[in-house]
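Have a look at the structure below before the remarks.
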Amino acid sequence: MNEPCPPLPDQGWSRKTITLQDAIVVPPWESRPRTPSGVWKDGDIAEAAAWRGAGRMSLALEEAPEPVEKLEGHFLFAGMFYGHFGHFITETISRLWAVNNDYDGVLFTPKHPTLTHFKKPHREIFEIFGIKCPTLVIKQPSLVETLTIPGQGFGLGEIAAGTEEFRNFLRETVGKLPANGPEKIYISRTKYIANGGLLAEAILEENLRRSGYVPVFPEQLSWKDQFALYRAARKIISLDTSALHMAGMAADPDKDIAVILRRNNAEHHSMRLQLRGMMGKDPLLINSLVAEYLVPGKKPNHNSWGQADFREIHATLLEHGYLDADAAWDIPSDEIIQADVAEAERRAKGSLAYTPVTKRFAQ
């Protein structure tokens with residue numbers, strides 16, 4: 001492409017591959033949010049850049065790097081390797097739609113130099129994708145005899161809907177795994193020890209259980225077991241959480257998915273696009289937030305704790321057919337909310353600022 005531009009789900013370089021001879025794959029040389037890395041061949045190869053929304057996460061290479069080693073054979077460039085779970089399943093896998101086992105290897109550049117190898121969960125997803133050729137993390141500038149660069153077919157931002165090629169790739173891999181599990185599940189964070197969440201989620205979980213939803217704790221399951229559950233489920237309710245991207249990889253038109261927002265920002269946008277791309281319809285988005293507890297001076301983010309209107313959640317789920325009309329539904333008491341706030345502050349190791357939600361983020 002002549003000018004760098006974000007990948008689009010329906011047209012452009014995101015749906016194509018290019019093949020280069022004697023190109024140099026270049027990892028980042030320092031750890032910071034955005035740094036030059038990618039592929040050089042008579043200049044920076046913009047098709048190899050990692051995009052998030054409208055911006056490049058891997059900045060353009062401005063001068064020819066000196067290769068330290070040479071890789072002989074034909075390799076696939078798979079882009080940037082993120083160690084973080086959510087970014088791995090949305091960005092690291094975004095070019096694997098073009099993989100096959102005729103390649104001599106699949107090459108990744110790490111997000112930062114300390115990412116030197118793949119862990120067991122990463123290797124498990126490669127296995128699910130049927131990748132048998134070596135997967136390599138490039139640690140120093142490397143001259144590659146023949147390099148094929150697929151477009152970024154998935155990610156965060158508008159490309160979260162996925163290209164047709166990427167969606168078909170998921171249907172032919174994840175979509176062929178055995179389904180095993182209940183028809184109605186709730187993707188729970190109640191056993192996930194982290195900063196950020198929904199206050200009184202345990203009450204929400206118990207309410208949903210009364211309508212037949214089985215709680216699922218993704219952090220306790222292998223990726224194959226998660227996919228088996230998501231493949232089997234017909235109705236899925238979840239907070240806006242990274243695990244929902246996993247459910248999105250297994251989504252199909254027969255599923256109904258409801259997303260209860262736990263933070264008043266745009267983080268759910270990519271989830272909505274991903275689910276729409278795979279299901280052919282929007283998920284049910286419920287922003288019932290009345291307040292948030294935030295790190296002082298911070299805007300809503302992954303560390304936010306949301307306080308929701310449980311009556312509104314109940315009414316919305318009931319209206320859209322997610323609940324049994326006669327099932328009991330509890331409203332958390334002030335004592336439960338404050339106990340959860342105290343736990344949130346313990347995890348945050350400091351006080352959190354009570355912030356009323358005066359304008360809910362547009363759904």
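Note that the numbering runs from 1 along the sequence shown for the chain.
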* To do: Could you check whether the rings of Phe126 and Phe88 sit parallel, tilted or perpendicular, using 30° and 60° as the cut-offs?
  =>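 Answer is tilted, since the angle falls between 30° and 60°.
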* To do: Could you tell me how the ring of Trp329 sits relative to the ring of Phe310: parallel (under 30°), tilted (30 to 60°) or perpendicular (over 60°)?
  =>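 The arrangement is tilted - the two ring planes meet at 30° to 60°.
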* Asked: Residues sharing Val68's hydrophobic cluster, by side-chain heavy-atom contacts under 4.5 Å among ILVMFWY, directly or via others?
  ->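 Listed partners: none, Val68 stands alone.
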* Asked: Just one of Val144, Leu20, Ile24 clears the side-chain contact (heavy atoms from CB on, under 4.5 Å) bar with Lys41, so which one?
  -> Leu20
Report yes or no: do [X] and [Y] form a side-chain donor-acceptor pair below 3.5 Å?
X      : Y      : result
His245 : Gln274 : yes
Glu292 : Thr355 : no
Tyr192 : Glu201 : no
Asn301 : Asn265 : no
Thr241 : Arg189 : yes
His269 : Glu158 : yes

* Of His320, Arg234, Lys235, which meets side-chain hydrogen bond (donor to acceptor under 3.5 Å, both in side chains) against Asp256? ->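 Considering His320, Arg234, Lys235, a side-chain hydrogen bond (donor to acceptor under 3.5 Å, both in side chains) with Asp256 is found only for Lys235.
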* Asked: Do Asn101 side-chain atoms and Cys133 backbone N/O form a donor-acceptor pair below 3.5 Å?
  -> yes
* Just do the salt bridge (Lys or Arg N to Asp or Glu O under 4.0 Å) check on Arg167 and Glu164 with the steps written out, would you? => CA-CA 5 Å; Arg167 296 194 303 268; Glu164 181 179 353; 5.5 Å; no
Should [X] and [Y] be counted in the same cluster of Ile, Leu, Val, Met, Phe, Trp and Tyr side chains packed under 4.5 Å apart?
X      : Y      : result
Trp40  : Leu147 : no
Leu143 : Phe75  : no
Ile159 : Met246 : no

* Asked: Hey, would you say the Phe118 and Phe108 ring centroids sit under 6.0 Å apart?
  ->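 Ring centroids of Phe118 and Phe108 are less than 6.0 Å from each other.
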Pair up each side-chain donor or acceptor in residues 148-157 with any protein partner under 3.5 Å, not counting sequence neighbours, and list the distances.
from   : atom 1 : to     : atom 2 : distance (Å)
Thr148 : OG1    : Thr19  : OG1    : 2.9
Thr148 : OG1    : His74  : NE2    : 2.7
Gln152 : OE1    : Trp51  : N      : 2.9
Gln152 : NE2    : Trp51  : O      : 3.0
Gln152 : NE2    : Phe154 : O      : 3.1

* **Heavy-atom check, side chain of Gln307 versus side chain of Tyr354, under 4.5 Å** => yes
* Go through the steps for Gln220 and Lys191 under the test side-chain contact (heavy atoms from CB on, under 4.5 Å), then give the verdict. => CA-CA 9 Å; Gln220 299 179 355; Lys191 295 184 179 180; 3.6 Å; yes
* Closest contact, heavy atoms only, Glu345 versus Ser351 -> OE2-CA, 3.6 Å
